[in-house]
Amino acid sequence: MTAVTQHAFPGPLEEQLLRRIELAVAEAHQALGIPLGDDVDGADLGSLRTLIDGLSELVESGGRRDPGALRREHEAALERLRHRFEARFEALARVHAAIGELRELTSPSEMLTVAPAVLCRGSSFARAILSLVSGGRMVAHSVHLAHDEDGARRTLGELRAHPPRLEHPLIETELLRRRRATIVVDAHMHPRVDRRLAQTMGWRSYAAAPVVVGSRVIGVVHADRGADQQLDVLDRDVLWEFASGLAQAYESAGLRRTLRRERDQMRQFLEWLNARSGELTDAPVTLDAGARAPLPPPEPLDQPVPAEGRDDRVVFEGLLTRRELDVLRLLAEGKTNKAIADALVISNGTVKFHVNSILRKLRVANRAEAVSRYLRLLGMRGP
């Protein structure tokens, strides 16, 4: 029984405690490089004092390091961290400004055309390609090469001539499935990079990101700093940020275009409704106690032509509205829809609506038959 634990915990507990202390002291001696003799009990006071002295010496040796050197190392680490944060903040701010430039465009097609150039202006990339996914292939849509417009046109033609097929093991196929950006290093020998694409661009390292609109991937953006420039994680994040912003801007432009089209249709409908309401307002109101007789069916085309012309308002009363009769008169004069719209100060859509209504009411198939029916009923000869 040693002096450390003698009679402290009598019984089996004391034996377990002694064993644990011996193991701990032995491991500490080994870690500190202090020899532990076979004749020395690992749990006696002498071994513990040796262990404590070794730990004290280790602490003192660490404390003798130059405080100034430690401070300089810490400051240098903080400075590197600050530079990295500022570079990331500046890069993302530039790409957000580029996305804002895209949002000013109203045409989705134009947006896709200028996207590579906008990306290079808003980042450290020098070359960029926007390809659209069509028919299971990656078809180049627009290319930008810094300070080389002729080269960009030639490259676009070469890429369009041989669009890569999106199938395994092409790395872009994995991008479309996972919907995330990536960096490809050693592209000239990478087994999953399209060889023709890599040779055309002279790639060593490039970044790629999918363009996801809603739940559908419509394209892929490729970009690099130059033929021999390596990329880092920040370049990947910048490209992903741009691809995401491009997708949102493209979707917004498409929605705005749809809203404009629906607004024009609604305006045409309101113009037609206004015309019809005007006709109803101007029409005389008569009260008839009895039932109104049904309208007679239209006369067939082979009806003999009357000897003298008649007033078309009398002929078509109850069959055509006043505005429809105006349109039919101009049709008989050979006017186009645009000329009729200009003459009556209505839209082309309203003219088309009236023409369709005239054809239906006269039970004819086209404009020529409608004019022929009009002239026959008036007793006039057509051209």
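Excluded from the calculations below are hydrogen atoms, water molecules and symmetry mates; all remaining heavy atoms, backbone and side chain alike, are included. In this text the structure is predicted, and so the values were computed from the model without any measurement.
With hydrogens and angles disregarded, a donor-acceptor distance shorter than 3.5 Å links the side chain of Asp194 to the backbone of Leu197. No donor-acceptor pair under 3.5 Å is formed between the side chain of Gln268 and the backbone N or O of Gln265. Side-chain atoms of Arg137 come within 3.5 Å of backbone atoms of Pro163 as a donor-acceptor pair (strictly under, hydrogens ignored). A side-chain donor-acceptor contact under 3.5 Å links Thr258 to the backbone of Gly254. Side-chain N or O atoms of Asp235 include none that pairs as donor or acceptor with a backbone N or O of Leu231 at under 3.5 Å. At least one donor-acceptor pair closer than 3.5 Å links the side chain of Thr173 to the backbone N or O of Glu167. No side-chain donor-acceptor contact under 3.5 Å links Thr350 to the backbone of Ile346. Checking side-chain atoms of Glu324 against main-chain N and O of Leu320 turns up no donor-acceptor pair under 3.5 Å. Not one N or O on the side chain of Arg373 forms a donor-acceptor pair closer than 3.5 Å with the backbone of Ala368.
The pair Arg196-Glu158 fails the salt-bridge criterion, with no side-chain N (NZ, NE, NH1 or NH2) lying under 4.0 Å from an Asp/Glu carboxylate O. Salt-bridge check for Arg322 with Asp326: failed, with every basic side-chain N at 4.0 Å or more from each acidic carboxylate O. For the pair Arg127 and Asp148, the salt-bridge criterion is not met [side-chain N within less than 4.0 Å of a carboxylate O]. Look at Glu174 and Arg177 and you find a salt bridge, because one of the NZ, NE, NH1 or NH2 atoms lies within 4.0 Å of a carboxylate O, short of that distance.
In this structure, Phe242 CZ and Leu246 CG are separated by 5.5 Å, a value rounded to the nearest 0.5 Å. A distance of 13.0 Å separates NE2 of His354 from CG of Leu359, quoted to the nearest 0.5 Å. Taking OG of Ser205 as the reference point, atom CG of Asp232 lies at 9.0 Å (rounded to 0.5 Å). Interatomic distance, CD1 of Ile99 versus CD of Glu104, reported as 13.0 Å (0.5 Å rounding). Here the OG-CD distance, from Ser142 to Glu110, works out to 11.5 Å after rounding to the nearest 0.5 Å. Put simply, CD1 on Ile183 and CG on Leu239 are 9.0 Å apart, with the number rounded to the nearest 0.5 Å.
Checked by atom type, the side-chain pair Gln230/Arg225 shows no donor-acceptor distance below 3.5 Å. No hydrogens or angles considered: nothing links the side chains of His188 and Gln199 as a donor-acceptor pair under 3.5 Å.
Judged as a side chain to side chain contact (heavy atoms under 4.5 Å, CB included), and not counting sequence neighbours, Arg84 has no contacts.
Between Leu377 and Phe316, some side-chain heavy-atom pair lies under the 4.5 Å cut-off. Side-chain contact check for Arg192 versus Glu172: every heavy-atom pair is 4.5 Å or farther apart. Between Ile358 and Val364, the closest side-chain pair of non-hydrogen atoms is not below 4.5 Å.
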Apply side chain to side chain contact (heavy atoms under 4.5 Å, CB included) to Arg236 and Val233, showing your working.
CA-CA 5 Å; Arg236 180 200 63 189; Val233 176; 3.2 Å; yes
Can you check side chain to side chain contact (heavy atoms under 4.5 Å, CB included) on Arg204 and Gln229, steps first, answer last?
CA-CA 7 Å; Arg204 289 296 181 270; Gln229 299 293 324; over 6 Å; no
Derivation and outcome, salt bridge (Lys or Arg N to Asp or Glu O under 4.0 Å), residues Glu86 and Arg82:
CA-CA 6 Å; Glu86 291 179 351; Arg82 184 179 65 83; 2.7 Å; yes
Verdict with reasoning, Thr336 to Ile340, per side chain to side chain contact (heavy atoms under 4.5 Å, CB included):
CA-CA 6 Å; Thr336 63; Ile340 295 174; over 6 Å; no
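Taking the six-membered ring where the residue is Trp, Phe353 and Trp272 present perpendicular rings, their angle passing 60° and hence far from 30°.
Applying the ring-ring contact (aromatic ring centres under 6.0 Å, His included) test to pairs two or more places apart or on separate chains, none has a residue in residues 140-186.
Across Val217 and Pro210, no two heavy atoms sit closer than the pair CG1-CB, 4.1 Å. In plain terms, the two heavy atoms of Leu145 and Ala152 that are nearest each other are CD1-N, 3.6 Å.
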